[in-house]
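Report on the structure given below.
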Amino acid sequence: MSNVPPPPGPLAANPLTRAVLEIDEYASGLGWDRPARLFALVDTTRLREQEPGLAAQLGLDEETDATAAASLTPIEQDELPAGTPLDEFLATIAWPDAVTGCALTVERLMLPPSAESSVPEDLDEKQLAAWVAKHPERQEVRMTVAVLRDGSREAAVRLREKDSPTEVLTGAGLVPGLAEALSATFAE
């Protein structure tokens with residue numbers, strides 16, 4: 001497990017948005033063509049109180065700023081199993097009560113809305129992926145999606161061709177399918 005360092009520059013006001021941007025910046029530092037990464041989101045204050053040793057190991061043993069009292073700490077989980085479809089893997093996750101939320105960063109190919117009408121019908125998932133990979137308007141994106149137990153959501157999307165912290169799109173509804181799948185990991 002590793003703590004994700006905060007991104008440079010101004011911080012977002014919402015703790016969930018801050019966590020998503022921290023994870024996006026961390027993933028950006030690792031470069032492209034990486035496997036999906038899963039993170040537990042824990043309440044920073046609660047972590048300091050209940051697990052001071054772990055908090056110290058993560059560099060969270062001291063209150064560093066006024067926003068820390070309402071912050072979430074992303075903790076990277078073990079690598080996702082290779083060869084297992086993401087939806088199947090997510091269906092196996094159950095988080096302990098100490099985990100406030102979770103986040104996932106994943107790279108995908110996507111098409112602009114203008115290309116949607118040209119998608120052939122009758123393609124299975126594998127054929128569709130191959131078709132998109134060959135499409136001249138395809139774009140590589142890194143999506144970071146986070147959800148909290150209370151249903152809050154946030155996402156960040158970074159295009160490979162505009163790989164800059166100032167070009168990251170954020171919003172709660174950007175990647176609804178992945179947000180739903182992550183929310184399901186908290187279902188009882």
Side-chain angles (χ1 to χ4, degrees), residues 1-7 11-60 67-108 110 141-158 165 168-188:
M1 296 192 311
S2 64
N3 182 31
V4 179
L11 292 176
N14 176 318
L16 187 56
T17 303
R18 277 197 307 272
V20 165
L21 290 172
E22 287 174 18
I23 294 167
D24 172 75
E25 188 66 24
Y26 169 74
S28 176
L30 299 174
W32 287 87
D33 304 318
R34 298 291 186 155
R37 290 176 144 37
L38 182 67
F39 299 83
L41 298 176
V42 296
D43 178 275
T44 303
T45 302
R46 186 174 172 192
L47 178 65
R48 282 190 190 113
E49 292 170 358
Q50 296 179 354
E51 298 288 341
L54 178 58
Q57 182 182 359
L58 296 175
L60 302 171
T67 61
S71 69
L72 297 167
T73 298
I75 302 174
E76 187 171 4
Q77 303 301 291
D78 292 333
E79 196 170 298
L80 279 62
T84 303
L86 191 55
D87 58 339
E88 289 178 22
F89 172 73
L90 291 176
T92 67
I93 295 175
W95 296 103
D97 290 340
V99 174
T100 305
C102 66
L104 183 80
T105 183
V106 63
E107 295 176 16
R108 291 290 185 256
M110 66 179 248
V141 298
R142 180 181 304 115
M143 302 175 288
T144 302
V145 179
V147 300
L148 298 180
R149 284 185 188 272
D150 69 7
S152 301
R153 300 171 174 196
E154 189 63 60
V157 177
R158 182 186 291 242
V168 176
L169 301 173
T170 59
L174 291 177
V175 192
L178 188 50
E180 285 295 323
L182 289 172
S183 291
T185 66
F186 291 104
E188 306 227 353

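Basis for what follows: all heavy atoms, side chains included, without hydrogens, waters or symmetry-related copies. In this chain, numbering begins with 1 at the start of the sequence shown.
In this structure, the separation between CD on Glu154 and OG1 on Thr17 is 3.5 Å, given to the nearest 0.5 Å. Here OG of Ser183 is found 9.5 Å from CG of Leu178. Values are rounded to the nearest 0.5 Å. Put simply, OG1 on Thr73 and CZ on Arg18 are 10.5 Å apart, with the number rounded to the nearest 0.5 Å. A distance of 5.0 Å separates CD1 in Ile23 from CZ in Phe39, rounded to the nearest 0.5 Å. Here Leu41 contributes atom CG and Ile75 contributes atom CD1; the two are 9.0 Å apart, rounded to the nearest 0.5 Å. Atom OG of Ser152 is separated from atom CG of Leu72 by 9.5 Å, given to the nearest 0.5 angstrom.
Smallest separation of non-hydrogen atoms from Leu90 and Ala181: CD1-CB, 3.8 Å. Annotation for Thr84 and Glu88: closest pair CG2-CB, 4.2 Å, computed over non-hydrogen atoms. What you find for Ala36 and Val106 is that their closest heavy atoms are CB-CG2, 4.0 Å.
Between the side chain of Arg153 and the backbone N or O of Gly171 there is no donor-acceptor pair closer than 3.5 Å. Counting only distance, with no hydrogens or angles, the side chain of Glu107 and the backbone of Arg34 share a donor-acceptor pair below 3.5 Å. Side-chain atoms of Ser28 never come within 3.5 Å of backbone atoms of Asp24 as a donor-acceptor pair (strictly under, hydrogens ignored). Here the side chain of Thr185 pairs no donor or acceptor atom with the backbone of Ala94 at under 3.5 angstrom.
Side-chain contact between Leu38 and Leu104: present, with at least one pair of heavy atoms (C-beta onward) separated by less than 4.5 Å. Counting only heavy atoms from C-beta outward, the side chains of Cys102 and Gln77 never approach each other to under 4.5 Å. Taking 4.5 Å as the limit, every side-chain heavy atom of Pro74 sits out of range of all side-chain heavy atoms of Tyr26.
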For Leu30 and Arg37, run side-chain contact (heavy atoms from CB on, under 4.5 Å): C-alpha distance rounded to whole Å, both residues' side-chain angles, the deciding distance at 0.1 Å, then the answer.
CA-CA 11 Å; Leu30 299 174; Arg37 290 176 144 37; 3.1 Å; yes
Would you sort out whether Val157 and Val168 count as a side-chain contact (heavy atoms from CB on, under 4.5 Å), showing the intermediate values?
CA-CA 6 Å; Val157 177; Val168 176; over 6 Å; no
In sequence, state the C-alpha distance, the side-chain angles, and the governing distance for Val145 and Val20, and then conclude on side-chain contact (heavy atoms from CB on, under 4.5 Å).
CA-CA 7 Å; Val145 179; Val20 165; over 6 Å; no
Could you give me the CA-CA distance, side-chain angles and deciding distance for Val99 and Phe186, then say whether side-chain contact (heavy atoms from CB on, under 4.5 Å) is met?
CA-CA 10 Å; Val99 174; Phe186 291 104; 4.3 Å; yes
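No side-chain donor from either of Thr105 and Arg142 sits under 3.5 Å from a side-chain acceptor of the other.
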